[in-house]
Amino acid sequence: MDSGRNNNYGRGRRSSGGGGRGNYQNQSNQGGGRGRGAHHQPPAQQQSVNRPPVQANQPPAQQAWGYRPPFLRTMPQTPPAQVQQQRPQGQSAPSPVQPLKACSTRAADQELPSSSSESKGNQIQPIKRPDHGGTVAIKTVKLHVNHFPVKFDPKKTIIHYDVDVKPAPSTNRRLMKRIVRKSDLRVIRDKLFSDDPRFDILQTAYDGEKNICSAVNLPTGEFQVNLADDEGANSSSYIFTIKFVNELKLSKLKDYLRGSLSYIPRDILQVMDLVMKENSSRQRICVGRSFYSSEYMTGFDLNNGVAAYQGFHQSLKPTSQGLALCLDYSVLTFRKPWPVIEFLKEHLEWFGGVNDVKRRRRDVNNALKGLKIRVIHRRTKQKYTIARLTEEDARDCYYDLVDPEGNNPPQRISLVRYFQDKENMDIMHQNIPCLELGKNNRSNKVPIEFCVLAEGQRYPKENLDQGRALFLQDLTRAKPWVRKSTINEMVQAEDGPCGAVSRNFGIGVDVNMTNVVGRVIGAPELKLGGRNSVRVDAEKCQWNLLGKSFVDAKSVDRWALLDFTDGDRYNNLQANAFINNLRGRCRNLGIRMKAPLLHRVTRMYEFSSVNRLENLLQNAVEEATRLAKGKLQLIVCVMTKKDPGYKFLKWVSETRIGVVTQCCLSPLANKGQDQYLANLCLKINVKLGGSNFELNGKLPHFDIDDDVMFIGAHVDHPGPMNALCPSIAAVVGTVNWPAANRYAARVAPQAHRSEKIINFGTMCSDLVNTYARLNRVKPKKIVVFRDDVGYGQFGMLLEEELLDLKKAIYDDHYQPPITLIVAQKRHQTRLFIENRNDGGPSGNVPPGTVVDTIIVHPFDFDFYLCSHYGGIGTSKPTHYYVLWDENRFNSDLLQKLIYDMCFTFARCTKPVSLVPPVYYADLVAYRGRMFQKALMESTSGATPSNVSFDPSLYSMHSDLENIMFFV
């Protein structure tokens, strides 16, 4: 039940930084006029798989070790361990850390002309693929991938314009101060383009904020746009300013795809991505980078005024086959666009009709406040926000009708009469309150019967009850054949990515998925206690612990049981049976577990206070110490249910008390099922410093005496609505070799939403020194796995974090080779087997499936690996992207290394979907986020947001800082 991806408390989806589209203004602004209508001027057991022949436009294969640091570049063929031995006597060692330089064996890179527009070529670029992909496999599978080839005319030019929209000058100060709502920007653009024949809306794409891309020249300057206001009587005027920014030649993208341009032209990819989204953005509900249907399908109704809507997420990717559109299926919950009265009937169980609006005013007000509606008594696309119910009924509502010409004084008029005279409509329900719409205390009263919920209002899935949440989960986790069929339908839909706009830009899409051959890597053999080796299941690559023991089982001599179930007659712990069952299962797995030194019974109420929990734990530790003359090793905490105070327990025990805890729920503990108890034992043994299972042989590519350290790093960001809390950086590193399955962790707060790990070098240096203390030797080689960083931030990793690491650990006598790999899960690529018989009952690709051709980057060193068995929904592979490599990997060895490591994750008996250093870093960052929330909720006398930035409050107790407390 302890924290992590599969704990009983769940976890919000981590937020990961990435380069956004921004304003595209990486070029200096040019041209543009103030005058209306101005135009700018254009400027072994495994078999070897035969590889396809190298394409003519593919660059030559680079040496496997890619870029070398300055002190190794003079001897590129010499192994790193021998460099210092061969240095001439008397010659001083070179500076251990110098600014990293881009280095490539490709002649095309060396011959690029120098120009300001190509200055990006001087930045450090990811290393190139050392070969033409891997060849080793136990079998191959034919796959369909949701990459749709994109064709474009390299002779075409896309023109980028900057857009600024402001209220038109007016003598009315209130109108001048009015903020132009984001939802109005596209309406204003559409109005201008429809009124002015010089604009062809089908030749342009708009991001809804600051950028317009056009296939033809547009007039530049200031243009006045008039829109009907809230009441339909007056109009609101805006100044729509268009300024020329740049001309983007698609020939540059072609040059990049064939390897003759050293840097990726992101500005061109961004505008093409915008063009590809234009058709969907006009017809679908836009949420971030995803597009959803405006109607929900039969069977997707969640009731309660909510439905699940199908949609898709799309992006453009440079691949070996050229540019590709990646499109994946998505499901999101929205409120139904129903009349407000009908919505209340379904949303509120007790709501029987309009009379309940007045009778249960507070409940109705709470249900409606903040929702957006449209009105049906006039033709308008305007959305309004519900502020509250009016104090008076509709028949008692009055307001001042103002003459727009100013010739007559304001006239006091009733709402009922106004609708009769102006709208020719009768208010049927005059004895109930109206809706007060808008903000800033502006009076805008509309009868409820004329209001309909606006489409596209998200409903938080966290607010769904358990039954509806499970139903939504089933819809989201579509079976592979269902997902594949839905994606094919969406890419061909009229409101999909293919439309007249993209064709006008000379862009076409092949609506057939990409065919590719995947290789299946063989699973490793494992070592458990008392056996030479254990083979995994052939289909799912799983193994069980029946009749087996841990490879390094730690004794549990001093432990305590805290029973929080007192007073709960239905979930009261059967303590004696639980203790006997747990000790028996431990014994079967090789763990010698004595009877608990202490058994305390208390209530769940203790979780409501940090101080109460700390006193409870401290007293237990002190009493057990007196009894056994030694500190407790473990505290087992049995709870009746999930509780928010869980974070208090972890924070207190791990930062103040210094004893690991293992939590479990009493209903499961009372059942005493063997599998559940085994899972508890997996966690307990690792938390005490033991090892559950190891690879039976050495890790691929490395020798037994290499002393390799694997580092994982992740940054957890606060939610999108949180602007104050810190981001949490976590770094973990292995501290044993050659098993490489025990980790130490460091966690620290840092600047809000900063993706760069501010103290990356310091945290890694601490882990390197920890490895040296435990093994009496520093790691000779280092492999760093960085979690889920977007493509736009690869430069930050290479030029800042990697350099920070080298500065922190390098000296004249210690310079281990470093490899830096990004592990990406936040992508949309999906692999579908062509023949369902190749994937087993679930229809997913088999574990160990790797793809490193056609859908990967044209020349960078990346690949997709599906290391786990997908029993539910459609498996998502992890995208591994090698940015820097001084350990001389080739494709086969690196893929096999990562796949084998996925079998060493400590708390389950199957390979995981993500390489363990990253998985563990994710768990540690989540633990740090729990600490931050505990601090925020327990701090008094200071600003909580400031306190949560104090790194000392996240420091682990000295007894726990080098063990796996986080599993």
Side-chain angles (χ1 to χ4, degrees), residues 285 292-309 331-378 380 382-399 414-416 418-419 423 425-439 443-475:
I285 301 169
Y292 296 89
S293 173
S294 57
E295 298 179 356
Y296 62 91
M297 297 181 61
T298 303
F300 281 58
D301 190 346
L302 301 179
N303 299 318
N304 201 35
V306 179
Y309 288 69
V331 174
L332 202 60
T333 49
F334 294 95
R335 289 181 171 86
K336 301 173 189 174
W338 280 5
V340 170
I341 295 296
E342 297 303 315
F343 168 77
L344 290 173
K345 287 180 180 178
E346 187 170 275
H347 186 68
L348 303 175
E349 293 181 358
W350 47 262
F351 191 87
V354 292
N355 292 332
D356 285 337
V357 173
K358 193 171 182 179
R359 185 172 61 87
R360 301 285 291 269
R361 172 190 296 270
R362 177 179 297 180
D363 295 326
V364 172
N365 195 72
N366 291 338
L368 297 179
K369 186 176 181 180
L371 299 185
K372 295 183 184 301
I373 60 98
R374 296 186 187 275
V375 295
I376 62 172
H377 60 278
R378 72 168 67 100
T380 176
Q382 178 71 49
K383 295 180 182 179
Y384 306 89
T385 301
I386 300 176
R388 66 189 69 84
L389 291 175
T390 59
E391 294 297 328
E392 62 277 359
D393 294 342
R395 64 188 174 197
D396 299 323
C397 287
Y398 289 82
Y399 68 97
S414 72
L415 194 66
V416 173
Y418 172 84
F419 271 83
E423 307 295 346
M425 301 177 75
D426 291 325
I427 301 176
M428 301 299 297
H429 305 295
Q430 298 183 14
N431 60 339
I432 63 172
C434 295
L435 294 181
E436 187 81 58
L437 307 178
K439 302 177 181 178
S443 178
N444 187 10
K445 302 171 184 178
V446 179
I448 294 180
E449 62 199 80
F450 298 140
C451 297
V452 177
L453 290 187
E455 66 180 19
Q457 296 186 76
R458 292 183 61 179
Y459 186 83
K461 62 181 181 181
E462 295 80 11
N463 294 350
L464 295 172
D465 59 33
Q466 185 176 8
R468 293 184 177 91
L470 291 174
F471 180 66
L472 175 64
Q473 197 174 71
D474 290 340
L475 295 176

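What you see is a predicted model, and the numbers here were worked out from it, not measured in a lab.
Scored by the side chain to side chain donor-acceptor pair (under 3.5 Å) test, E295 finds no partners at all (sequence neighbours excluded).
From L453, atom CG reaches atom NZ of K383 across 11.5 Å, with rounding to the nearest 0.5 Å. Atom SG of C434 sits about 9.5 Å away from atom CG of D396, to the nearest 0.5 Å. One finds the CG atom of N303 at 9.0 Å from the CZ atom of F471 (value rounded to the nearest 0.5 Å). In this structure, the separation between CG on L332 and OG on S293 is 12.5 Å, given to the nearest 0.5 Å. Separation of atoms CG (L368) and CD1 (I373) is listed at 10.0 Å; rounding is to 0.5 Å. Atoms SG and CD1, from C451 and I341 in turn, are 9.5 Å apart once rounded to the nearest 0.5 Å.
When all heavy atoms are compared, the tightest approach of I427 to L415 is CD1-O, 4.0 Å. Scanning all heavy atoms of the two residues, the minimum distance from T390 to L435 falls at CG2-C, 4.3 Å. L389 approaches P433 most closely through the heavy-atom pair CB-CB, 4.3 Å. Contact detail for L472 and A308: the closest heavy-atom pair is CD1-CB, 4.1 Å.
Applying the side-chain hydrogen bond (donor to acceptor under 3.5 Å, both in side chains) test to pairs two or more places apart or on separate chains, those with a residue in residues 346-362 are K336-E346, D356-R359, K358-D393, R360-D363. Pairs of residues two or more places apart, or lying in two chains, that qualify as side-chain hydrogen bond (donor to acceptor under 3.5 Å, both in side chains) and include a residue from residues 448-467 are D465-R468.
Residues Y418 and Y399 bring their aromatic ring centres within 6.0 Å. In this structure, Y292 has its ring center no closer than 6.0 Å to that of Y309.
A distance-only check finds no donor-acceptor pair linking the side chain of N365 to the backbone of R388 [under 3.5 Å].
Checking T385 against K372 by side-chain atom types alone, a donor-acceptor pair falls below 3.5 Å.
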